[in-house]
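In what follows, chains carry the letters A, B, and so on, assigned in the order in which the sequence lines appear, proteins first and then strands, with residues in each chain numbered from 1.
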Amino acid sequence: MERRDFLRAAAAAAALSLVPHEAEAQAARAWATLAAPASPDLPVAPLSEAHRAIIRTVADAIIPRTDSPGANDVNVLGWIEVIAQDYYTDAERTALTTGLDAMDALSRQLTQQPLAGLAGAPLAQVMDALDAPTDRTTPAARGYSRLKGLVIHGYFTSERVQKDVLKTQIMPGRFNGAADMPTKGAGRDE
Amino acid sequence: MSDLTSTLLSLGTRQPRERRVFDAIVVGSGISGGWAAKELTERGLETVVLEAGGPIDFGGKDFTEHVQSYELKYRGWGDRNTIAKTQPIQGQCYACDEAGHKFFVNDFENPYTTPDNAPFKWFRGRQVGGRSIMWGRQVYRWSDLDFEANAKDGHGTDWPIRYKDIAPWYSHVERFIGITGAKEGLSQLPDGEFLPAMQMTVVERAARENILKKFGGERVLTIGRAAVLTQNHNGRAACHYCGPCERGCVTHSYFNSIGSTLPAAKKTGRLTLRPHSVVTEVLFDAKRGRARGVRVIDAVTMQEHIFEAKVVFLCASAIESVRLLLNSKSTRFPDGFANSSGTLGKYVMDHHYGSGAGGTFPGFLDKRTEGRRPNGIYVARFRNVTSASKDFVRGYGMQGGSSRGGWGRGSGMRGYGAAFKQSLIDDLGPWGLSVGGWGETLPYEDNTITLDPTVKDKWGVPAARINVTWRENEIAMNKDIIASGVELMEAAGCTDVRPSRTMHPPGHCIHEMGGARMAKTAKEGVLNGWNQSWDVPNLFITDGSAMASTACQNPSITYMALTARAAAHAVAELKRRSL
Ligand SMILES: Cc1cc2nc3c(=O)[nH]c(=O)nc-3n(C[C@H](O)[C@H](O)[C@H](O)COP(=O)(O)OP(=O)(O)OC[C@H]3O[C@@H](n4cnc5c(N)ncnc54)[C@H](O)[C@@H]3O)c2cc1C
Ligand code: SF4
């Protein structure tokens, strides 16, 4: 086993201090993979329309449309549904939906309105509470953290973002270990 | 269609004639089998390569290095339900991912057993090309420090060869396959015949200088030495830095047997490649005291065939070759083929790894990488070379790399909205640097492979029972790896340095070795210094099972050099009629 594997293992062990949460998420996914029982091939109920609506609202709050597409423009919800339905274990799916419900409850508590479809100042109030919680162990904070990871991964791995925003080159044809940062908006190849 | 392309396309297809008597049989078409095939055919032998797995379509659907995340259903997270159902062990290897898992075996068709308290991870490929398709391509020569170690500290048996015996064969292999690397003039890590080195990142260059200064030149961080082409070479194209090599490489810019050694063998007109051929037994000719050939089960039809030859090369990978020999019993060899020494299946090893350290490298925020370098950095062994350890014998090398966080850091960052999004697009976050140790393990007699009394594979061959554990020396070395990893990261100039404390179980490093070791006498080992059986002179075993110690360097280039050397010897002996 080689360097890439070590890097992943190191990241999973949070050795890379850059991205502790991503590292934790990776580790959690790795463990979930190991622990996952063989799936029984039963159809899994899709996310409810209410849950879908919450995801749409929060996804666009995290990654709104600017001069580049927003989360819903690249159908982040579609990717999250694939993960929820075909990839997650029952426990993980429940954690996602419970988290969405808790986020909705927080919205009702703070703004007296449901989270789905929220906009403007009330949405900002809920997002601020979710994004910078004092207690990160609440179901709402945990649900938001899970959802945020899904939204970011789904957005940046989408075809439009890879091609038009990051301008990823499949075959760069060279390696430069000391390239200059490109000007803003010029895209970059990671 | 170019010559190379047509040669490549015809590889892996079943040959029309069903000839059964050859000059040479090679079992396995992976890293060592490919070399055996090339050398034996180029030296004039009609050779059949018997490969248990099927052919792969590397020009089309099977090689997926250019498939993008959005073309994958799980966007790179892996089809874990399918993998859990068919590959629960293989799926624990990083390369067995959503795109590349077809290159790994089905765990249920290919079972093995371990004691409950001694887990062993056995990661395997069964296809034409073996694990040369997914390997990490890191290649480091061994030195006299390694070949003399057993003799000097008394662990294991002395190697019958020294560096000077194998050095020309390393060169022979390197010239053919193409290695990128930088010469450093280190006695413990001899330089090879290198193509231009890949670039280090700005951060790695700075770290190298800082480490050299801090440790007075004792610790050397260099660019990885890898079997990847940095310029066109031997009919293969230079790497285009796409990245995920473990899924294959349509341009064969990294060495694998289907792009390099097997086409060379094919070109001689003396190669017969027979996929779907599971070798179950080596047959003994008691009258002549020679291997007569092998018994094969056709993996598709389940029919049995016998193949005969003047010389037999086992290149099925360390554990598979030992399993095959243990399953080949006769009156002369009731405990396994060519096992008069009683050492067959003993002294099994792997490197230990997983621990190290990482940190944030401040500065250089105006710099980034362009292209995905299929290679990392290497810190040459420094323990028990110039500085002695009181806690353990032997040493370790370190591998690692540097990168910036990119958008992946977003889920761990605070923020949302337009500015947050733009920062993930335009900024890459700070640089990170990390290293991890690859440690030498000692040969212990009771680290063993035997045959499981009840479990059999899909083809009815008894499964291997693997009983390998880490001992005090490995555990003490692992501790030192963590401490020196932290020291190195601090010396490099990192902040926020964090140790990584992991010690994967044996096998996980995928450098399994030993089981049919070389030794100076027939009493101490299965093979002599030519990878030739002491008991059965026309039997050669040139995969990792031949190793009498592990050194700390990745081992495959040593298998290649030993294989080429053994093949030359076998042909010379055949010509002298002494086989
Ligand atoms: C992800 C990964 C990364 C790695 N990175 C590195 C690295 O960077 N550097 C390094 O030195 N090593 C690395 N390795 C290890 C390297 O791949 C092995 O050491 C090497 O492939 C061993 O060569 P081999 O010829 O002995 O076996 P293999 O390449 O495994 O080939 C053995 C072949 O024999 C066939 N076979 C087995 N049994 C039978 C049978 N009974 N009958 C017929 N055929 C049979 C198999 O199907 C297979 O094709 C890595 C391995 C993996 C999987
Ligand atoms: S060797 Fe180079 S071209 Fe081939 S898969 Fe790896 S990165 Fe891509």
Side-chain angles (χ1 to χ4, degrees), chain A residues 1-10 13-22 25 29 33-34 36-39 61-64 66 68 79 82-83 86-87 127 131-132 148-149 152-154 156-159 162 165-166 170-181 184 188-190, chain B residues 66 68-70 73-75 77 80-81 84-85 91-92 94 136 138 198-202 240-242 354 356-360 366-371 373 376 399-401 405-412 414-418 421 425-426 429-430 432 434 436 496 498 500 502 508-510:
Chain A
M1 180 112 4
E2 300 318 320
R3 184 187 58 92
R4 285 167 61 98
D5 188 29
F6 171 74
L7 291 178
R8 278 186 208 198
L16 295 174
S17 52
L18 307 175
V19 284
H21 295 280
E22 172 61 8
R29 279 201 301 273
T33 307
L34 295 190
S39 93
I62 296 170
I63 303 198
T66 52
S68 52
W79 136 258
V82 168
I83 293 299
D86 293 352
Y87 182 90
M127 289 300 294
D131 204 66
K148 189 171 179 181
I152 289 172
H153 189 88
F156 283 103
T157 57
S158 69
E159 184 166 2
Q162 285 281 319
V165 181
L166 298 178
I170 297 173
M171 292 185 270
R174 70 191 173 285
F175 176 77
N176 183 350
D180 290 329
M181 285 294 284
K184 301 273 177 211
R188 54 142 206 263
D189 186 47
E190 270 174 43
Chain B
H66 297 148
Q68 297 301 292
S69 49
Y70 50 80
K73 182 173 177 188
Y74 302 104
R75 306 262 182 100
W77 279 11
R80 75 179 193 190
N81 287 327
K85 275 186 214 154
Q92 295 170 44
Y94 74 96
Q138 292 293 302
M198 288 183 189
Q199 257 188 45
M200 287 202 253
T201 67
V202 274
H240 49 257
Y241 301 95
C242 64
T360 303
D366 57 339
K367 297 290 178 195
R368 61 165 184 151
T369 55
E370 253 178 358
R373 184 185 66 190
Q399 300 183 34
W407 57 259
R409 73 195 195 284
S411 50
R414 277 186 43 193
Y416 66 92
K421 168 187 166 183
I425 293 171
D426 290 329
S434 66
D496 197 14
R498 293 199 199 178
S500 147
T502 315
H508 211 295
C509 199
I510 332 183

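Rounded to the nearest 0.5 angstrom, A:Asp180 CG and B:Glu370 CD are separated by 8.5 Å.
Side-chain contact between B:Tyr74 and A:Thr157 is absent, with no heavy atoms from C-beta onward closer than 4.5 Å. With a 4.5 Å cut-off on side-chain heavy atoms, B:Arg75 and A:Val82 do not count as touching.
The shortest non-hydrogen separation linking B:Tyr241 to A:Pro172 is O-CD, 3.1 Å. When every heavy atom of A:Gly177 is checked against every heavy atom of B:Gln199, the shortest pair comes out as N-OE1, 2.7 Å. Taking each heavy atom of A:Ala178 and B:Val202 in turn, the nearest pair found is CB-CG1, 3.2 Å. Contact between A:Val165 and B:Ile425 at its shortest, heavy atoms only, is CG1-CD1, 3.6 Å.
Residues that satisfy the side-chain contact (heavy atoms from CB on, under 4.5 Å) test with B:Ala418, not counting sequence neighbours, are A:Pro64, A:Thr66. With sequence neighbours excluded, the residues that form a side-chain contact (heavy atoms from CB on, under 4.5 Å) with B:Gln68 are A:Gln162, A:Thr168, A:Ile170, B:Tyr70, B:Glu71.
Contact of A:Ile83 with chain B is made through the side chain alone, with heavy-atom distances under 4.5 Å.
Counting heavy-atom pairs under 4.5 Å between each of B:Met200, B:His66, B:Met198 and chain A puts B:His66 at the top.
Side chain of B:Lys421 to main chain of A:Ser68: a donor-acceptor pair is present (N/O by atom type, distance under 3.5 Å, no hydrogens or angles).
A:Tyr87 and B:Trp77 have tilted rings, their planes meeting at an angle from 30° to 60° on a 0 to 90° scale.
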